[in-house]
Amino acid sequence: MASVPSLASSVNQRVADALASALPEAGGADPLLRRSDRADFQANGILALAKKAKANPRELAATVVGGIQTGDLIQEIEVSGPGFLNITITDRAIIETLAARAGDDRLGVPFAANPGTTVIDYAQPNVAKEMHVGHLRSAVIGAAMVEILEFTGEKVVRRHHIGDWGTQFGMLIQYLLEHPHELDHKGGADADEQASGEEAMSNLNRLYKASRALFDSDEEFKTRARARVVDLQAGEPQTLELWQRFVDESKIYFYSVFNKLDMDIQDPDVVGESGYNDMLVETCELLEDSGVAVRSNGALCVFFDDVKGPDGNPTPLIVRKSDGGFGYAATDLSAIRDRVGKLGATELIYVVDARQSLHFKMVFETARRAGWLNDGVKAVQLAFGTVLGKDGKPFKTREGETVRLVDLLDEAVERATAVVREKAEKVGLTEAEIVENGQFVGIGAVKYADLSTSASRDYKFDLDQMVSLNGDTSVYLQYAYARIKSILRNAGERKPGAHPELELASAERALGLHLDQFGELIAEAAADHAPHKVAAYLYQLSSLFTTFYAECPVLKADTPEQVENRLFLCELTARTLTKGMSLLGIRTPEKL
């Protein structure tokens with residue numbers, strides 16, 4: 001089915017046509033239509049156009065009003081103040097437009113006009129290291145952007161740029177060579193497949209601590225470990241085999257955590273630092289041959305006029321160190337070459353901590369100078385802030401340690417399950433449903449708290465607030481959805497049906513007008529890389545439904561037609577909620 005024009009776009013076009021007729025030189029001008037508390041919409045563009053044309057704005061506004069047909073789409077239009085237009089939509093137009101949306105699997109949401117290929121770099125844990133609360137935001141924000149962009153028709157390529165290369169692996173591999181059974185699981189030969197993520201991480205933690213202790217205390221081991229780094233970089237077969245064991249062991253753990261987060265991470269999408277190893281030398285040669293990078297104190301560097309250190313001297317992007325080792329910049333630049341050249345990316349999105357903003361600014365500028373990024377490719381860092389504790393400081397344990405992500409998720413599920421259990425008997429949940437809904441509510445609470453905040457801002461991690469039934473929480477949205485499903489189940493033989501001939505109550509109109517904005521909201525969130533806008537829309541939708549539910553009896557409405565029409569509004573609200581929540585990676589249980 002074709003996309004459904006929103007009421008706002010239809011009204012905007014009608015006002016624009018009348019404006020072009022009244023003031024031909026303003027043809028194509030934007031009437032600047034906005035939602036308003038004085039009417040359904042207000043057009044504010046006439047004032048600026050009148051000033052430019054040296055015309056009286058109220059007279060121009062009156063002429064525009066005279067050229068607009070009313071009765072079908074627009075019920076009333078009046079001039080307000082110095083030349084604003086206050087516009088009220090007919091009840092019929094609201095229900096007819098919503099009925100068209102309801103008849104489409106996509107709720108009438110249009111595809112993007114010119115979709116391209118976006119590569120999103122997100123969820124980037126480090127091999128042989130435990131995931132902590134700092135890994136949460138990249139994973140959750142990135143996964144939401146994948147869903148939002150794919151829904152608009154964009155081709156999205158996921159990339160998980162895991163930390164799987166570097167000097168620490170010399171230490172780990174050398175230790176494992178000298179202690180060959182340290183990674184063995186208790187379950188025997190086939191245990192690698194069966195091992196839990198927790199066991200995998202326990203093994204890696206134990207191995208890391210033991211190898212680090214030996215590295216710090218034994219100079220001979222330290223020398224052997226450093227030599228092993230050279231073997232790794234040279235591709236020595238036994239060293240690579242053991243390195244692969246670390247990667248595989250870590251993936252068991254990563255995937256167990258992502259599974260808790262209700263995220264689908266596919267193995268082909270995991271392309272870590274090692275995936276670009278064969279490109280590093282060529283990347284450096286291309287940069288040096290083109291003059292983009294120069295030698296400085298033995299290192300290969302790129303300099304920038306506006307990047308200086310505290311001493312006032314230029315701070316370069318170091319692509320290759322003076323000892324011949326490669327920095328993060330070499331890998332990131334090689335990744336850009338790969339993503340643009342091989343994957344055909346028209347946009348690159350990096351969901352990375354805001355503290356790395358300077359690094360990515362320099363990397364993107366370097367890639368542009370080298371010609372790897374051109375006018376046809378956009379590269380952006382979707383920078384995110386820090387997760388804070390209730391005290392407003394970076395989230396730590398009482399002992400001052402970084403909070404393990406798995407502990408945080410388990411506690412969220414435990415709290416949410418307790419909330420679900422309180423109401424379980426009332427709605428007739430089985431024990432299995434209580435456990436499942438506890439998972440959905442707990443993980444949804446964590447994701448929503450993150451996604452309802454603009455990515456660039458820090459936010460406080462407060463589980464008590466996150467699992468609250470009141471306020472801007474995912475639980476509030478999930479209960480709104482469950483309430484609607486309960487109404488629809490209790491309707492019996494009465495079915496949802498749109499009745500454009502009916503007069504709408506104020507709460508029905510407010511709910512209907514907000515439902516109609518869903519498509520425009522998705523387009524805006526995709527363009528701005530702003531999943532928090534989806535969260536804000538859904539919270540307002542739930543709030544408007546709550547008001548509608550309180551003021552407009554559904555199953556006890558005055559006439560059968562009114563019952564059907566209100567069931568129709570309920571059903572479309574539920575479909576919009578569940579679609580919007582799914583774009584954020586949050587489940588909507590049928591009963592809560």
Side-chain angles (χ1 to χ4, degrees), residues 120-127 129-150 156 158-163 195-201 250-270 272 349 351-353 382 384-387 395 402-417 419-420 435-453 455 459 461-463 466-467 473-475 477-478 531-532 534-535 578 580-589:
I120 301 189
D121 189 325
Y122 70 107
Q124 311 108 339
N126 293 310
V127 166
K129 289 186 179 178
E130 199 152 26
M131 290 178 71
H132 53 76
V133 68
H135 291 108
L136 177 65
R137 301 209 72 186
S138 176
V140 170
I141 295 168
M145 279 312 308
V146 167
E147 296 297 328
I148 291 168
L149 287 171
E150 284 189 333
V156 177
R158 300 154 172 82
R159 277 295 176 264
H160 308 295
H161 191 84
I162 63 172
S196 70
E198 282 294 298
E199 185 185 354
M201 196 64 243
S250 296
K251 283 183 178 179
I252 295 171
Y253 164 70
F254 295 159
Y255 293 164
S256 75
V257 178
F258 289 130
N259 189 52
K260 278 182 184 288
L261 264 174
D262 198 14
M263 279 177 55
D264 182 28
I265 302 290
Q266 295 294 327
D267 212 51
D269 301 330
V270 180
I349 300 177
V351 189
V352 183
D353 192 311
L382 208 177
F384 56 82
T386 304
V387 181
F395 199 18
T402 303
V403 179
R404 295 196 326 153
L405 183 53
V406 69
D407 291 342
L408 180 151
L409 298 177
D410 286 344
E411 185 178 357
V413 169
E414 185 180 327
R415 298 273 193 97
T417 303
V419 171
V420 172
V435 171
E436 182 179 66
N437 287 357
Q439 291 277 346
F440 294 163
V441 172
I443 298 304
V446 171
K447 288 183 176 180
Y448 186 84
D450 194 310
L451 294 169
S452 60
T453 303
Y459 78 96
F461 195 93
D462 183 349
L463 272 177
M466 287 180 188
V467 298
T473 68
S474 66
V475 193
L477 275 61
Q478 287 167 322
H532 71 278
V534 178
T578 197
M581 296 281 270
S582 73
L583 295 179
L584 300 181
I586 299 172
R587 307 263 187 168
T588 43

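Keep in mind it's a predicted model, so treat the numbers as computed, not measured.
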Residue pair V403, V387: steps toward the side chain to side chain contact (heavy atoms under 4.5 Å, CB included) verdict: CA-CA 11 Å; V403 179; V387 181; over 6 Å; no
Test item: S138 side-chain N/O and A123 main-chain N/O as donor-acceptor pair under 3.5 Å: yes
Stepwise salt bridge (charged side-chain N to carboxylate O under 4.0 Å, His left out) check, R159 with D121: CA-CA 5 Å; R159 277 295 176 264; D121 189 325; over 6 Å; no
Residue pair S256, E198: steps toward the side chain to side chain donor-acceptor pair (under 3.5 Å) verdict: CA-CA 8 Å; S256 75; E198 282 294 298; 5.9 Å; no
CE-CZ distance between M201 and F254, expressed to the nearest 0.5 angstrom: 7.5 Å
Heavy-atom pair of closest approach, residues T417 and G438: OG1-CA, 3.4 Å
Residues L463, E411; criterion side chain to side chain contact (heavy atoms under 4.5 Å, CB included); working and verdict: CA-CA 8 Å; L463 272 177; E411 185 178 357; 3.6 Å; yes
Derivation and outcome, side chain to side chain contact (heavy atoms under 4.5 Å, CB included), residues V419 and V441: CA-CA 9 Å; V419 171; V441 172; 5.8 Å; no
Inter-residue atom distance I148.CD1 - L583.CG, 0.5 Å rounding: 6.0 Å
Heavy-atom closest contact (F258 atom, A139 atom, distance): CE2-CB, 4.1 Å
Heavy-atom closest contact (A449 atom, M466 atom, distance): CB-CE, 3.5 Å
Criterion side chain to side chain contact (heavy atoms under 4.5 Å, CB included) against L261, the qualifying member of M131, K447, H135: K447
Side chains of R158 and Q266 in contact at under 4.5 Å (non-hydrogen atoms): no
Minimum side-chain heavy-atom gap I586-L477 below 4.5 Å: no
Any side-chain heavy-atom pair of I141 and L382 under 4.5 Å: yes
OH-CG distance between Y255 and D264, expressed to the nearest 0.5 angstrom: 10.0 Å
Donor-acceptor contact present, side-chain S474 to main-chain G444, <3.5 Å: yes
Heavy-atom side-chain contact between P531 and L584 under 4.5 Å: yes
Chi angles and distances behind the side chain to side chain contact (heavy atoms under 4.5 Å, CB included) call for V413, I443: CA-CA 6 Å; V413 169; I443 298 304; 3.9 Å; yes
Gap separating the NZ atom of K260 from the CG atom of L408, nearest 0.5 angstrom: 11.0 Å
Minimum heavy-atom distance Y253-G197, with the two atoms named: CD1-O, 3.5 Å
Pairwise distance CZ(F440) to OG1(T588) - rounded to 0.5 angstrom: 9.0 Å
Ring pair (Phe, Tyr, Trp, His ring centres under 6.0 Å) involving F395 - partner list, sequence neighbours excluded: F461
Pairwise side-chain contact, Q439 with D262, heavy-atom cut-off 4.5 Å (strictly under): no
Qualifying residues under ring pair (Phe, Tyr, Trp, His ring centres under 6.0 Å), relative to Y122, sequence neighbours excluded: H160
Closest heavy-atom pair and its distance - V446, A412: CG2-CB, 3.5 Å
Interatomic distance, R404 atom CZ to L409 atom CG [nearest 0.5 angstrom]: 10.5 Å
Donor-acceptor contact present, side-chain Q478 to main-chain P589, <3.5 Å: no
Where R137 and A455 come nearest, the two heavy atoms and their spacing: NH1-O, 3.3 Å
